[in-house]
Amino acid sequence: MKVSILGSTGSIGTQALEVVRDLRGIYDIEVTAVSGNSNIELLEQQIREFKPHFAAVSDEAAAARLKTAVSDTDCRVLSGCEGLCYIAAEAGEDMLLSSIVGFAGLVPTMKAIEAGVDIALANKETLVTAGPLFMNAVEKHGVSLLPVDSEHCAIFQSLKAGSRGELRKILLTASGGPFFGKSRNELKNVRREQALKHPNWSMGAKITIDSATLMNKGLEVLEASHLFGVDIDDIEVVVQRESIIHSMVEFADRSVIAQMSIPSMKHPIQYAFTYPRRLESKDESVDFAKLASLTFAKPDEETFRCLALAKAAGRSGGIMPAVMNAANEVAVADFLADKIGFLDIADMVEEAMGRFNNIENPSMEDIISADAEVREYMHKK
Ligand code: NAD
Ligand code: MG
């Protein structure tokens with residue numbers, strides 16, 4: 001299988017390359033393209049080890065430097081959004097691992113779908129902002145869509161135990177993040193260093209902050225709703241502190257099926273690469289005796305308002321999820337730059353959602369303009 005990786009220098013991208021290494025000798029998988037924003041040193045190492053035919057770098061100056069650095073290899077270096085779209089759609093691969101962070105992943109991922117490339121999807125923002133258009137394109141072009149988000153991979157696996165008509169609800173698990181149990185007062189002065197300390201997962205900065213605000217879970221509710229065609233109100237978020245149960249589904253007879261494994265993104269990545277086969281993994285087994293207990297709780301949507309805001313955006317539909325997402329991307333970047341406080345993130349998202357009028361059944365152009373307008377509005381404030 002030939003796979004192109006959008007965002008190969010990130011947390012998901014580098015773990016995907018570890019999976020490719022782990023699978024050597026037991027599964028035929030070749031990396032045909034890698035990409036990143038600007039981390040040229042790492043891209044060069046990846047090009048020398050995995051020998052892809054293409055590399056795309058969004059930053060033009062960085063692309064020029066990479067071109068010189070790898071001029072002795074057969075790898076063609078492309079740049080900008082065009083470069084990303086090319087490696088997503090036309091590099092001649094079987095599968096695209098879409099693991100760029102944020103809205104920047106939308107256009108290249110859509111191009112891959114339109115070119116008939118199967119998608120392993122880590123970038124949840126694409127489904128959140130353009131869910132109906134994305135799912136229609138998947139159906140129209142007959143591509144396979146394999147979720148790489150751990151919860152969605154768990155739901156995908158659990159759903160195999162019954163039929164769609166028998167499904168009652170999805171139980172989407174959440175770790176609760178670093179601030180589980182804290183009050184609004186305690187969260188007023190938290191800084192980026194504290195928010196970046198996730199108890200169970202090591203991930204990119206944006207998703208780690210989203211996990212601390214519970215926006216990540218909000219985005220995941222919308223993601224699950226589009227992926228599995230389930231109403232937002234039939235998706236229940238359950239805090240599962242140890243991140244061993246990655247999500248569950250409940251069927252008509254009240255039987256609950258869960259997928260469990262240690263918290264490792266290599267599981268969903270490998271499952272997407274080898275589906276429908278299950279191959280040996282280098283991950284450890286769950287040691288239940290050592291674990292002793294699994295703890296559950298209800299999420300606190302009053303303190304962590306981003307979860308409620310994302311669900312509200314999802315219920316409104318239209319461009320509202322794109323408005324919510326763009327406002328969150330700007331707010332998270334501002335928080336990471338120490339420009340705003342932790343609780344301001346939800347306030348900024350709410351303010352943007354109140355400010356923009358919705359558009360029903362938006363086109364891709366409507367979604368792209370909404371994203372741009374929200375960013376412009378937030379930067380002007
Ligand atoms: P990350 O920040 O570690 O990596 C992001 C990658 O995208 C890097 O390769 C970076 O160079 C590239 N990139 C960023 N902005 C870009 C732009 N404008 N143009 C081109 N390339 C750009 O992020 P991550 O944690 O790997 O997350 C990637 C995606 O996967 C996110 O959508 C996240 O929600 C999702 N996801 C991540 C995890 C995880 O464990 N890290 C789990 C589930 C889902
Ligand atoms: Mg997840």
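Counting starts at 1 for both ligands and their atoms, in listed order.
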What residue and heavy atom of the protein are closest to [atom], and at what distance?
atom                    : value
atom 42 (C) of ligand 1 : Met265 CE, 3.5 Å
atom 36 (N) of ligand 1 : Ile207 CD1, 3.6 Å
atom 28 (C) of ligand 1 : Ser99 O, 3.4 Å
atom 20 (C) of ligand 1 : Ser58 OG, 3.2 Å
atom 32 (O) of ligand 1 : Glu125 OE1, 2.7 Å
atom 41 (N) of ligand 1 : Ser11 OG, 3.1 Å
atom 25 (O) of ligand 1 : Gly204 N, 2.9 Å
atom 43 (C) of ligand 1 : Asp149 OD1, 3.0 Å

So how far is it from Leu294 CG to Ile244 CD1, rounded to the nearest 0.5 Å?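 Between atom CG of Leu294 and atom CD1 of Ile244 there are 7.0 Å.
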
Starting at CD1 of Ile319, measure out to CG of Asn361 and round the result to the nearest 0.5 Å.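 With rounding to 0.5 Å, CD1 (Ile319) is 12.0 Å from CG (Asn361).
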
Heavy atoms from other residues, nucleotides or ligands near CZ of Arg184 exceed 12 (cutoff 6.0 Å):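 For Arg184, atom CZ is crowded (more than 12 foreign heavy atoms under 6.0 Å).
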
If you have a sec, read the angle at the Mg ion (ligand 2) from Asp149 atom OD1 over to Glu220 atom OE2, to 10 degrees.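 Once rounded, the angle between the two atoms at the Mg ion (ligand 2) is 90°.
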
From the options Leu43, Thr14, Thr9, select the one whose nearest heavy atom is closest to atom 9 (O) of ligand 1.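 Answer by nearest heavy atom: Thr9.
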
Hey, looking at atom 16 (C) of ligand 1, which of Leu121, Asn37, Val57 has the closest heavy atom?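 Heavy atom nearest to atom 16 (C) of ligand 1 belongs to Asn37.
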
Proximal atoms of ligand 1 relative to [X] (non-hydrogen, under 4.0 Å):
X      : result
Ala122 : 30 (O), 32 (O), 35 (C), 36 (N), 44 (C)
Ala104 : 17 (C), 18 (N)
Ile12  : 26 (O), 30 (O), 37 (C), 38 (C), 39 (C), 40 (O), 41 (N), 42 (C)
Lys124 : 32 (O), 34 (O), 44 (C)
Gly36  : 11 (O)
Gly7   : 6 (C), 7 (O), 9 (O)

Using side-chain hydrogen bond (donor to acceptor under 3.5 Å, both in side chains) as the criterion, point out the one residue from Lys266, His267, His246 that pairs with Ser261.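 Checked Lys266, His267, His246 against Ser261; only one passes side-chain hydrogen bond (donor to acceptor under 3.5 Å, both in side chains): His246.
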
Please identify which of these residues, Lys311, Lys169, Arg315, meets the salt bridge (charged side-chain N to carboxylate O under 4.0 Å, His left out) condition with Asp233.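 Exactly one pass, corresponding to Arg315.
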
Measure from the side-chain N and O atoms of [X] to the backbone N and O of [Y], and report whether any donor-acceptor pair falls under 3.5 Å.
X      : Y      : value
Glu223 : His152 : no
Ser247 : Thr173 : yes
Ser255 : Phe251 : no
Glu186 : Ser183 : yes
Asp149 : Leu121 : no
Thr126 : Asn123 : yes
Gln270 : Leu279 : yes

For the residue pair Phe342 and Phe179, categorise the inter-ring angle as parallel (less than 30°), tilted (30 to 60°) or perpendicular (more than 60°).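 Because their plane-to-plane angle is over 60°, the rings of Phe342 and Phe179 count as perpendicular.
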
Give the name of the N/O/S atom in Glu151 that lies closest to the Mg ion (ligand 2).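 Closest N, O or S atom of Glu151 to the Mg ion (ligand 2): OE1.
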
Restricting to non-hydrogen atoms, name the atom on Ile113 and the atom on Val143 that form the minimum distance, rounded to 0.1 Å.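 Between these two residues, the closest heavy atoms are O-CG1, 3.7 Å.
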
If I apply the N/O under 3.5 Å rule, does Gly10 come out as touching ligand 1?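 It does: an N or O of Gly10 is found under 3.5 Å from an N or O of ligand 1.
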
Which bit of [X] gets closer than 4.0 Å to ligand 1, counting heavy atoms only: side chain, backbone, both or neither?
X      : value
Ile100 : both
Lys206 : neither
Leu84  : side chain

Any Gly13 heavy atom less than 4.0 Å to ligand 1: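 So Gly13 does not count as touching ligand 1.
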
